[in-house]
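Order of the sequence lines fixes the chain letters, A, B, ..., with proteins taken first and strands second; residue numbering starts at 1 for each chain. These numbers come from a predicted model, not from an experiment.
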Amino acid sequence: MEKLLTNDIVKQKYANYEFFKENGVENYPADFKKDAMIEDVLKKYDSLGDEDKSEEQLWLAGRLVSKRGHGKTMFGHIEDFSGKIQFYIRKDEVGEDVFKFFKKFDIGDFIGVKGFFFRTKTKELTIRVQEFKLVSKSIQPMPEKFHGLKDVELRYRRRYVDLIANPEVKNTFITRSKIISLIREFMTKKDFLEVETPMMHPIAGGAAARPFVTHHNTLDMDLYLRIAPELYLKRLIVGGFEKVFEINRNFRNEGISIKHNPEFTMMEVYQAYADYKDMMELTEDIFNHVAKELTGSLEYEYQGEKISFKKPFARMTIVESIEKHAGIKIGEEMDAEDIFEIAKGKGIDDADRKMSRGELINLIFEERVEEKLIQPTFIYKYPAEISPLSKNSPEDPRYVDRFEIFVYGREMGNAFSELNDPFDQQERFMNQINKRDGGDEEAHRMDEDYILALQYGMPNAGGLGIGIDRMVMLFTDSPSIRDVILFPTLRKTSE
RNA sequence: GGACCAUUAGCUCAGCUGGCAGAGCAACUGACUCUUAAUCAGUGGGUCGAAGGUUCGAUUCCUUCAUGGUCUACCA
């Protein structure tokens with residue numbers, strides 16, 4: 001307990017806790033119930049006249065967020081999840097002995113108040129307190145009421161304080177929840193079945209990334225936190241499910257940035273008897289639907305840029321996009337050597353003579369095009385070398401039937417016609433293994449059981465992944481992914 | 001991983017060229033029966049992120065470390 005009483009404000013509040021305790025007031029009662037949400041009351045009495053008062057008295061409850069004492073009366077506000085209401089209490093109405101207790105309430109305490117409703121001189125609907133109860137004593141000081149809590153580190157480490165102090169933070173997470181509900185509803189309405197596949201994988205597959213390792217004691221086996229659910233969801237397509245999706249966490253043991261958190265939320269979708277073009281339409285519909293349902297508008301402003309989710313979104317092949325946005329023409333007849341020379345000539349220093357044709361195309365795209373794709377844009381026909389789970393384009397096997405969607409220069413989703421040929425898949429895994437042996441820690445691993453699954457036969461299918469956090473960033477105008485994750489990954493503190 | 005920036009009261013922030021640590025809000029005491037960033041009078045509150053170094057003297061200059069942020073690299 002001594003450890004908790006770290007400063008004067010805490011000590012003073014603790015003294016009030018003791019005052020209540022000594023006077024028979026329970027600091028943390030178990031049985032408090034309220035009658036209504038504040039917002040509902042404000043709505044209900046919206047038309048209450050200036051001179052009127054309500055007949056009914058209700059118990060409201062919330063955190064005491066401000067108080068203004070005036071000797072024998074006091075004004076203040078309490079806030080619950082739905083909103084804030086002013087209260088007014090008079091010593092001559094509740095009695096001197098009782099008023100004394102009310103004055104001991106600290107800002108931050110959860111309190112319940114019962115009373116009728118009236119309008120003050122300034123027309124604010126106010127609850128006139130007749131009875132009150134302490135619901136939960138708070139002994140920590142609240143952040144400043146005017147500036148809120150700005151210290152970014154404190155905001156993330158003590159998100160609960162951030163939520164108390166900064167109302168827009170609460171709204172962001174309410175919107176996040178709405179977006180996920182909207183997507184879920186939309187998918188369910190389209191007859192996709194929501195499933196859950198393992199978070200702990202014996203082989204981390206389905207993406208190019210380094211995994212987190214953990215250990216199962218009884219099985220005495222290392223397990224990897226999943227980097228993607230992809231290979232499990234496709235096993236379900238083998239098993240006869242035709243339309244499935246999963247919204248859940250992925251874990252990648254990589255750097256942290258404004259766009260990356262080690263655990264992040266993805267939706268993956270698989271649909272049998274469909275291809276990447278169907279996924280393109282689905283993606284467009286999802287973004288369009290979420291945009292429309294959230295605010296009724298298809299226009300959003302993100303970090304000062306107007307973004308329109310009006311259909312159809314722009315579509316171009318990766319090669320076309322390079323010509324359009326980077327002014328670099330890549331002829332179909334060109335080989336890796338030719339493209340390497342062009343890349344070097346255009347000052348792309350990361351270009352390496354050892355890179356394949358597809359890797360070079362992808363590099364040019366990432367270096368010169370990606371950041372220019374502000375409006376929702378589908379980039380399709382990706383190089384085969386960087387897409388080991390994707391079906392080749394029938395017209396040109398150097399490419400695969402794959403697209404990524406970009407908004408504000410960021411990859412928001414990735415989709416392709418799923419490779420269902422077990423022999424081809426095995427060969428691609430072998431190529432990835434070679435890359436691993438060559439030192440690429442992020443190359444895909446061989447998954448024999450997945451190959452076995454494909455040998456049972458999987459219908460042609462389209463698959464799609466959408467980064468939910470990034471989508472939420474877009475719709476909430478949040479600059480950092482940490483603004484849309486309640487408890488982002490941080491270093492532990494030394495204490 | 002690399003570069004740069006930040007860290008001062010519970011919160012938001014000042015603090016000049018090195019010379020006794022400051023404000024507003026919050027808190028405490030008192031006054032106040034319609035206030036709302038209430039008002040008025042008064043009071044308390046600091047390991048200046050940590051450890052070293054330079055100096056007569058360090059919040060200030062230097063080094064190392066910690067945490068966070070931005071950019072960058074890897075990635076979605």
| B:U35 P sits how many Å from A:Leu125 CG, rounded? | 17 Å

| query | Given B:C11, B:G69, B:U33, which nucleotide is nearest the side-chain atoms of A:Leu490? | reply | B:G69

| query | Are A:Lys145 and B:A26 close enough that a side-chain N or O sits under 4.0 Å from OP1 or OP2? | reply | yes

| Looking for any heavy atom pair under 4.0 Å, which part of the strands does A:Lys13 touch: base, sugar-phosphate only, or nothing? | nothing

| query | Is the gap between the ring centers of A:Phe365 and A:Phe406 under 6.0 Å? | reply | yes

| task | Using whole Å, report how far OH of A:Tyr156 lies from P of B:U67. | result | 17 Å

| message | Base, sugar-phosphate or nothing for A:Asn261? Non-hydrogen atoms, less than 4.0 Å. | response | base

| said: Give me the distance, rounded to whole Å, that separates B:A50 from B:A58 when you measure between the P atoms they each carry. | reply: 15 Å

| message | Pairing donors with acceptors under 3.5 angstrom, does anything connect the side chains of A:Tyr408 and A:Glu305? | response | no

| Donor-acceptor pair under 3.5 Å: do we get one between A:Glu124's side chain and the base of B:U35? | no

| query | Is A:Asp106 touching bases, backbone alone, or none of the nucleic acid, heavy atoms closer than 4.0 Å? | reply | sugar-phosphate

| query | Any ion pair linking A:Glu385 and A:Arg428 (charged N to carboxylate O, less than 4.0 Å)? | reply | no

| request: Tell which nucleotide pairs with B:C74, taking only Watson-Crick or G-U wobble pairs whose two distances are both under 3.5 angstrom. | output: none

| request: Could you let me know what B:A31 is paired to, Watson-Crick or G-U wobble, both distances under 3.5 Å, or none if it's on its own? | output: B:U39

| request: For A:Lys150, answer base if it contacts any base atom (sugar-phosphate contacts may also be present), sugar-phosphate if it contacts only those atoms, and nothing otherwise; contact means non-hydrogen atoms under 4.0 Å. | output: sugar-phosphate

| query | Do A:Asp151 and B:U7 have a side chain to base donor-acceptor pair shorter than 3.5 Å? | reply | no

| query | Expressed in angstrom and rounded to an integer, what is the separation of A:Leu149 atom CG from B:U12 atom C1'? | reply | 10 Å

| query | Using a cut-off of 4.0 Å on non-hydrogen atoms, how would the nucleic acid contact of A:Gln86 be classed: base, sugar-phosphate, or nothing? | reply | base

| task | Counting Watson-Crick and G-U wobble pairs only, both distances under 3.5 Å, name the nucleotide matched with B:U63, or none. | result | B:A51

| RNA chain B: 5'-proximal contact among A:His147 and A:Gly71 (nearest heavy atom) | A:His147

| message | If I take atom CD in residue A:Glu153 and atom P in nucleotide B:G49, what distance separates them, rounded to the nearest angstrom? | response | 13 Å

| request: Write down the distance between CZ (A:Phe87) and P (B:A38), rounded to a whole number of angstrom. | output: 12 Å

| query | Looking across every strand, which nucleic acid part, if any, lies under 4.0 Å from A:Arg410 by heavy atom: base, sugar-phosphate, or nothing? | reply | nothing

| task | Tell whether A:Arg491 reaches the base of B:U67 with its side chain through a donor-acceptor pair below 3.5 angstrom. | result | no

| query | Heavy atoms under 4.0 Å, any strand shown: does A:Ile107 hit a base, just sugar-phosphate, or nothing? | reply | sugar-phosphate

| task | Could you tell me whether A:Glu301 atom CD has more than 12 heavy atoms of other residues or ligands within 6.0 Å of it? | result | yes

| request: Answer yes if the side chains of A:Arg226 and A:Tyr224 hold a donor-acceptor pair under 3.5 Å, and no otherwise. | output: no

| message | Need one value for A:Gly413: base, sugar-phosphate or nothing, where a base atom within 4.0 Å counts as base even if backbone is also close, heavy atoms only. | response | nothing

| field | Contact under 4.0 Å: A:Arg482 side-chain N or O vs B:U70 OP1/OP2 | value | yes

| said: What is the distance, to the nearest angstrom, from the NZ atom on A:Lys67 to the P atom on B:C32? | reply: 17 Å

| query | Under the criteria of a ring-centre distance below 5.5 Å and an interplanar angle below 30°, is A:Phe264 stacked with the base of B:A76? | reply | yes

| task | Map A:Phe118 and A:Ser66 onto RNA chain B by nearest heavy atom, then report which one ends up closer to the 5' terminus. | result | A:Phe118

| Interatomic distance at P, B:A9 relative to B:G45, whole Å | 15 Å

| field | G-U wobble or Watson-Crick pairing nucleotide for B:G24 (cut-off 3.5 Å, both distances) | value | B:C11

| field | Rounded distance (Å) that lies between atom P of B:A26 and atom CG of A:Asp8 | value | 17 Å

| request: Considering just the side-chain nitrogens and oxygens of A:Lys72, establish if one lies under 4.0 Å of OP1 or OP2 belonging to B:U33. | output: yes

| task | Searching all strands shown, indicate the nucleotide that pairs with B:C16 (Watson-Crick or G-U wobble; both distances under 3.5 Å). | result | none

| note | Interatomic distance, NZ@A:Lys121 vs CG@A:Asp50, rounded to 0.5 Å, equals 13.0 Å

| said: Does B:U35 have OP1 or OP2 under 4.0 Å away from a side-chain N or O of A:Arg68? | reply: no

| task | Using atom CD1 of A:Ile227 as one end and atom P of B:A76 as the other, report the distance to the nearest whole Å. | result | 9 Å

| Identified ring-ring contact (aromatic ring centres under 6.0 Å, His included) partner of A:Phe132 from the options A:Phe87, A:Phe105, A:Phe101 | A:Phe105

| said: Does A:Lys277, at its NZ atom, have more than 12 non-hydrogen atoms belonging to other residues, nucleotides or ligands within less than 6.0 Å? | reply: no

